[in-house]
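Just so it is clear, the model here is predicted, and its values are computed rather than measured. In the text below, chain A, chain B and the rest are named by the order of the sequence lines, each starting its count at 1.
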Amino acid sequence: MAEQQNYRAPRGVADILPDDQTVWNAVKKTAINTARQFGYQQIDTPVFENTGLFRRGVGNETDIVQKEMYSFDDLGGESLTLRPEGTAPVCRSYIEHGMHNLPQPVRLYYIAPMFRYDRPQAGRYRQHHQFGCEAIGDSSPTIDAEIIEIGLRYITALGLSDVAVRINSIGDSETRTSYNDDLRNHYAKYANDLPKVDRDRLERAPLRLLDSKEPATQKLSADAPKSLDYLSDEAQNHWENLLVLLDGLKTAYPNFSYRTDHTLVRGLDYYNRTVFEFEPSTEGSQTSLFGGGRYDPLIGILGGNETPGVGFGSGIERIILETQRQESLDVAEPPRNAVMVHVGDNATIRAAQLAAELRNHGISVLMAPAGKSMRAQMRYANRANASYAIIIGNREIEQGVAAVKPLQFDGDQKTLSLNSATIANFIAPSE
RNA sequence: GUGGGCGUAGUGUAGCGGUUAACACGUCAGGUUGUGGCCCUGAAGAUCGAGGGUUCGAUUCCCUCCGUCCACCCCA
């Protein structure tokens with residue numbers, strides 16, 4: 001009666017299969033080590049939050065909030081949203097747990113799934129994972145530089161090269177208004193020449209005209225007013241100090257260079273002053289590997305005391321794509337210690353017992369499939385990438401021994417007494 | 001949300017308006033007496049993405065949907 005349904009993963013989401021896990025783990029480990037090297041501590045926030053957190057935090061007019069959120073009402077009628085980005089939740093947690101009582105700045109990192117209802121394509125998924133860092137409670141440009149340095153170190157540790165760093169300062173909210181007005185006036189003079197996508201943006205988000213991909217608009221952007229010319233004295237000072245600090249990084253990172261780009265703006269409302277983006281110099285569209293900036297207004301917007309913050313997010317999937325494109329990561333699954341080859345009911349029972357004892361010695365042991373021929377089990381051991389085959393048949397049971405055969409290197413098969421300590425001693429423990 | 005390419009066994013591919021849809025890898029089983037990797041033999045595995053249409057007949061042509069990839073949008 002019921003139609004048979006073949007389920008597939010929903011659009012834009014993916015399984016991370018066992019063969020993918022080695023790369024994933026290598027990248028995550030690199031991320032964690034890098035963050036720790038800068039004194040950042042891990043934080044995990046819930047996968048869903050109250051919808052209002054993102055409406056207020058990310059900004060109600062942003063594309064993320066307008067059309068990309070997975071929002072739903074729970075059974076109690078509460079509107080919840082699958083986390084589309086990591087900064088607002090971390091700031092919520094900072095406020096909720098009174099982290100202003102900790103030594104400032106509070107340095108936090110996370111590796112977590114993010115959800116955005118978006119049309120999938122290479123490097124863009126409805127569920128993707130971000131490695132992110134947030135430094136909250138310090139307005140000094142040294143922290144801006146630190147956040148960018150984490151990116152450099154991360155990219156370097158992954159063996160990636162040809163990654164371009166662009167930075168800009170979009171100023172403070174006080175100066176942004178007059179900047180936006182001037183920007184709007186600049187483009188408005190040529191409004192009739194603008195493509196309609198950009199004409200729409202003119203009112204709504206003039207900043208976005210700056211990074212428009214439309215050639216007609218780009219031509220106008222070249223001599224558009226620059227946010228850097230509108231900085232308050234304080235923001236100007238912050239910006240200049242940041243550049244000095246970044247120049248200072250060149251001794252530790254000889255290949256590091258950056259470019260200030262007055263067309264760099266970001267799509268989340270909470271940013272002020274410093275914004276930056278890392279992208280590979282190779283062609284492609286979904287290229288932003290690492291991006292972020294300063295968000296001094298955010299904690300206040302979310303109801304906390306005015307507290308400065310700066311951070312970044314970096315997409316794990318995109319990083320993996322890039323390491324594969326550059327073949328910069330050489331990851332291989334290490335061999336397993338041993339596969340237990342056992343023929344005969346008594347041998348199987350004894351082999352299972354021995355395997356359990358060997359695991360007490362820290363050895364990883366895989367049972368070959370029971371009831372199959374010895375040849376089949378040996379083939380299994382080979383495919384399992386095992387260092388040793390431990391062979392137990394009726395002959396071994398009678399003599400109280402086990403045959404131990406090295407599979408990964410040349411060497412003779414040894415007959416050892418059927419004793420876990422003896423065998424464990426012969427096989428090097430996993431660590 | 002817009003535009004374009006693609007959709008054949010687990011994976012990667014071939015194929016053609018017409019009888020049993022091919023190949024490689026992988027899987028499973030063998031290659032005599034209990035031992036892997038190479039090699040050899042055999043087997044299983046595909047309603048040719050789904051639905052509809054054109055046709056005597058479609059996996060092959062057309063439409064819709066779904067998925068995927070690319071570009072836009074946006075962003076990580």
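Minimum atom distance to the side chain of R116(A) is reached by C75(B), of the listed U35(B), C73(B), C75(B). Nearest nucleotide to the R375(A) side chain, out of A76(B), U35(B), U2(B): U35(B). Considering only side-chain atoms of D118(A), the nucleotide from G36(B), C74(B), G3(B) that sits closest is C74(B). With distances taken from any side-chain atom of R124(A) to the nucleotides C69(B), U35(B), C73(B), the minimum falls on C73(B). Of the candidate nucleotides A76(B), G36(B), C72(B), C72(B) has the atom nearest to the side chain of Q121(A). Closest approach to the S373(A) side chain among G30(B), A76(B), U35(B) is made by G30(B) (side chain taken as heavy atoms from C-beta onward). Listed nucleotides: G36(B), G3(B), C75(B). Nearest to the side chain of L407(A): G36(B).
Judged by atom type and distance alone, N382(A) reaches the base of G36(B) through a side-chain donor-acceptor pair under 3.5 Å. Side-chain to base pairing of K405(A) with G36(B): one donor and one acceptor N or O lie within less than 3.5 Å of each other.
Aromatic rings from Y230(A) and Y179(A) are positioned such that their centres are separated by under 6.0 Å. Taking the six-membered ring for Trp and the full ring otherwise, F312(A) and F131(A) have centroids separated by under 6.0 Å. Aromatic rings from Y70(A) and F48(A) are positioned such that their centres are separated by 6.0 Å or more.
Rounded to a whole Å, the CG atom of D269(A) is 14 Å from the P atom of C74(B). Protein atom CZ of R126(A) is 16 Å distant from nucleotide atom C1' of A76(B), rounded to whole Å. Summarising the geometry, the separation between CD on E68(A) and C1' on A76(B) is reported as 11 Å, rounded to the nearest angstrom. As a whole-Å value, the separation of Y125(A) OH from U68(B) C1' is 12 Å. Regarding F276(A), its CZ atom lies at a distance of 12 Å from the C1' atom of A76(B), rounded to whole Å. Whole-Å rounding puts the L321(A) CG to C75(B) C1' distance at 15 Å. Between E277(A) atom CD and C74(B) atom C1' there is a gap of 11 Å when expressed in whole angstrom units. Taking atom CZ of residue R119(A) and atom C1' of nucleotide G5(B), one finds them 12 Å apart after rounding to whole Å.
Contact annotation for Q413(A): base contact, defined as any heavy-atom pair under 4.0 Å involving a base atom. E396(A) comes within 4.0 angstrom of a base, heavy atoms only. Contact annotation for G12(A): backbone-only contact, meaning every heavy-atom pair under 4.0 Å involves sugar-phosphate atoms and none involves a base.
Taking the C1' atom of each, C28(B) and G10(B) are spaced 13 Å apart, rounded to whole Å. Atom P of G37(B) sits at a distance of 13 Å from the matching atom of G30(B), rounded to the whole Å. Nucleotides C48(B) and C16(B) place their C1' atoms 12 Å apart, quoted to the nearest Å. Spacing between U33(B) and C25(B) at atom C1', rounded to whole Å, works out to 33 Å. Taking the P atoms as reference points, C66(B) lies 15 Å from G51(B), given to the whole Å. Rounded to the nearest Å, the gap between the P atom of A44(B) and that of A24(B) is 16 Å. Between A22(B) and U47(B), the distance separating the two P atoms is 14 Å to the nearest Å. Atom P of C72(B) sits at a distance of 31 Å from the matching atom of A9(B), rounded to the whole Å.
A salt bridge links R294(A) with D296(A): the closest approach of a Lys/Arg side-chain nitrogen to an acidic carboxylate oxygen falls below 4.0 angstrom.
OP1 or OP2 of G37(B) lies within a sub-4.0 Å distance of a side-chain N or O belonging to R379(A). OP1 or OP2 of A29(B) lies within a sub-4.0 Å distance of a side-chain N or O belonging to K372(A). Listed pair R11(A) / U68(B) meets the phosphate criterion, a side-chain N or O lying under 4.0 Å from OP1 or OP2.
Look at A43(B): its Watson-Crick or wobble partner, with both distances under 3.5 angstrom, is U27(B). With both pairing distances under 3.5 Å, C75(B) is matched to nothing as a Watson-Crick or G-U wobble pair. Checking C65(B) for Watson-Crick or G-U wobble geometry (two distances, each under 3.5 Å) identifies G49(B) as its partner. Across all strands shown, the partner of U13(B) is A22(B), judged by Watson-Crick or G-U wobble contacts whose two distances both fall under 3.5 Å. The base-pairing partner of U54(B), taking Watson-Crick or G-U wobble contacts with both distances under 3.5 Å, does not exist among the strands shown. The partner of G3(B), taking Watson-Crick or G-U wobble pairs whose two distances both stay under 3.5 Å, is C70(B). Base-pair partner of U32(B): not found among the strands shown (Watson-Crick or G-U wobble, both distances under 3.5 Å).
Under the 30°/60° scheme for interplanar angles, the aromatic rings of F290(A) and Y154(A) are found to be tilted.
The main-chain N or O of A135(A) is never found under 3.5 Å from a side-chain atom of R107(A) such that the two would form a donor-acceptor pair. With S140(A) contributing its side chain and T142(A) its backbone, the two residues share a donor-acceptor pair below 3.5 Å.
Under the 4.5 Å side-chain criterion, counting only non-hydrogen atoms from C-beta, D73(A) is in contact with S79(A).
Each of P10(A) and A403(A) was assigned the nucleotide of RNA chain B with the nearest heavy atom; the assignment lying further toward the 5' end belongs to A403(A). Heavy-atom nearest nucleotides on RNA chain B were determined for P120(A) and for F290(A), and the one closer to the 5' end corresponds to P120(A).
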